[in-house]
2 protein chains.
Amino acid sequence: MRMAELSAESGVPVATIKYYLREGLVPSGELTSPNQAQYQAKHLQRLKLVRALLEVGGLSIVDVRDVVRAIDDRAPTHELLGVAQHGLFVRKNEVDEESRAWARALIDDIAAQRQWTLEEGDPYVKSLVSLLCTFRDLGHSHLLGIFPHYAEIADAVALVDLEAIGDLPTAEQMVESAVVGTILGDAVFIALRRIAQQFASRKMFGEDPPAAG
Amino acid sequence: MRMAELSAESGVPVATIKYYLREGLVPSGELTSPNQAQYQAKHLQRLKLVRALLEVGGLSIVDVRDVVRAIDDRAPTHELLGVAQHGLFVRKNEVDEESRAWARALIDDIAAQRQWTLEEGDPYVKSLVSLLCTFRDLGHSHLLGIFPHYAEIADAVALVDLEAIGDLPTAEQMVESAVVGTILGDAVFIALRRIAQQFASRKMFGEDPPAAG
DNA sequence: CCAAACGGATAGCGTGACTATCCGTAACCG
DNA sequence: CGGTTACGGATAGTCACGCTATCCGTTTGG
């Protein structure tokens, strides 16, 4: 397969593919001459994955590079997914020490209920701290009561997730499925949540609900 | 409250607040003179909400404007939340008719199981169609089996969500809580899902898991 | 009464994700 | 064998977005 075919099959412009090659998102083709290369099915596959991570997952170019490098290195998935979903997580931690301690106590309570052991410095725990502080700062502390339920439900999701990939034959397939299932799975779950909210809202409030989530 | 105080309280630079005023994300203060204005607690509250939607929710300026206008109009929440989370949803629908029909059939199956009645043209249904096609196109169809489970779990989440806001005293509080709970709630749930995956993965595969989601 | 702050308008900036052009070489077609 | 086309690779330019900096005339407050 040559560049033009790769472009036609994937729908990605040639100039963009070249850009991805430069940035290391897609591996180079095999050179048959100093200025001619052959691409294979794996290149097309990788290109599709990159586009999905960029467009659906909303990752940055840099984050996608980290993910595909981790895939190629067969890195443990929880390391490989230490990547933020396009702005869903707070980067600056500008919360004061009192707020941090308060949030951390809530999270520790939830973890104890679920028998989770939290890793020190886990980026998702840090995100949760910022998120809980944001809820409080916005004056919506009454919503904090839902998070233990969310945690219970997250456990159920994780179980389903692991069962879906645990029986795959090769480590490579497991790693890529883990990435796809996690990052694209977020989007699927969010869409289903919105639909379920609409349904529940209509059921509770009638056809024209005042609120849904 | 004047501009400087609004800026100091929120941590948002004055020039940025002026930009938000221009873009209609924050309402103008009450003019006491042709070039002097007073801001109140509601302006600070709105400013914090705008920042949370931008930074945590990852919404664009335009999406935030749509959301706050809908809040001010007391729009039904399911309309008001017809806004994409920072790239989680596919904008272009470039899937062919056969793929669309295939995905739609899967979604209808899931909806039937959950007794959902899908609205025609629902943006989240469209998103799901694109997402399912992406899974298939990426060669991860084996992951499709998890989505009925996700739907069941989404129902549980929606129930928790509605209970959390159903007993608020005023419609205004319900609407803002719905927005905050939904958009920031997505981020909370995703963080909890990652943590639960790490926990389940360690439990299943030992300390260095090959995959987690 | 005057320095500092104000509201409002306009123009500029930095980043990120492409996109267009150019170059010299190689492949394909008759 | 000659010419058109496509190729890989490098470089520079473009565009949208989210601010940010400057200027202006007015007004506040010590």
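By convention in this document, chain letters (A, B, ...) are assigned in the order of the sequence lines, proteins followed by strands, and residues within each chain are numbered from 1.
Under the ring-ring contact (aromatic ring centres under 6.0 Å, His included) criterion, A:Phe147 pairs with A:Phe135, A:Tyr150, not counting sequence neighbours. Residues that satisfy the salt bridge (Lys or Arg N to Asp or Glu O under 4.0 Å) test with B:Glu30, not counting sequence neighbours, are absent from this structure. Under the salt bridge (Lys or Arg N to Asp or Glu O under 4.0 Å) criterion, B:Glu98 pairs with B:Arg136, sequence neighbours left out. Residues forming a side-chain hydrogen bond (donor to acceptor under 3.5 Å, both in side chains) with A:Glu172 (at least two apart in sequence, or on another chain): none. For A:His149, the ring-ring contact (aromatic ring centres under 6.0 Å, His included) test picks out no residue, with sequence neighbours left out. Residues satisfying the side-chain hydrogen bond (donor to acceptor under 3.5 Å, both in side chains) criterion with B:Gln173, sequence neighbours excluded, are B:Thr170.
Going from atom CG of A:Leu21 over to atom P of D:dT11 covers 16 Å, rounded to whole Å. For the pair B:Arg2 CZ and D:dT27 P, the computed distance is 13 Å after rounding to whole Å. Rounded to an integer number of Å, the gap from CG of A:Leu6 to P of D:dC7 is 10 Å. Here D:dT27 presents its P atom at 17 Å from CE of B:Met3, a figure rounded to the nearest Å. Rounded to whole Å, atom C1' of C:dG7 lies 13 Å from atom CD1 of B:Ile17. Summarising the geometry, the separation between CE on A:Met1 and C1' on D:dC7 is reported as 16 Å, rounded to the nearest angstrom. When the C1' atom of C:dA17 is taken as reference, atom CD of A:Glu55 falls 12 Å away, rounded to whole Å. Atom CG in B:Asp63 sits about 17 Å away from atom P in D:dA16, given to the nearest Å.
Taking a cutoff of 4.0 Å between a charged side-chain nitrogen and a carboxylate oxygen, A:Arg193 and B:Asp155 do not qualify as a salt bridge.
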- Query: Nucleotide by nucleotide, 5' to 3', does protein get under 4.0 Å of the base (B), only the sugar-phosphate (S), or neither (-) in nucleotides 17-23 of chain D, counting heavy atoms?
  - Reply: -BBB---

Can I get a per-line list of side-chain donor-acceptor pairs under 3.5 Å for residues 15-22 of chain B, giving both atom names and the distance, sequence neighbours left out?
residue: B:Tyr20; atom: OH; partner: B:Arg51; partner atom: NH1; Å: 2.8

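Listed by residue number, the members of residues 26-47 of chain B with any heavy atom below 4.0 angstrom from DNA chain C are B:Leu31, B:Asn35, B:Gln36, B:Ala37, B:Tyr39.
For the atom pair B:Tyr124 OH and B:Leu118 CG, the distance stands at 14.0 Å (nearest 0.5 Å).
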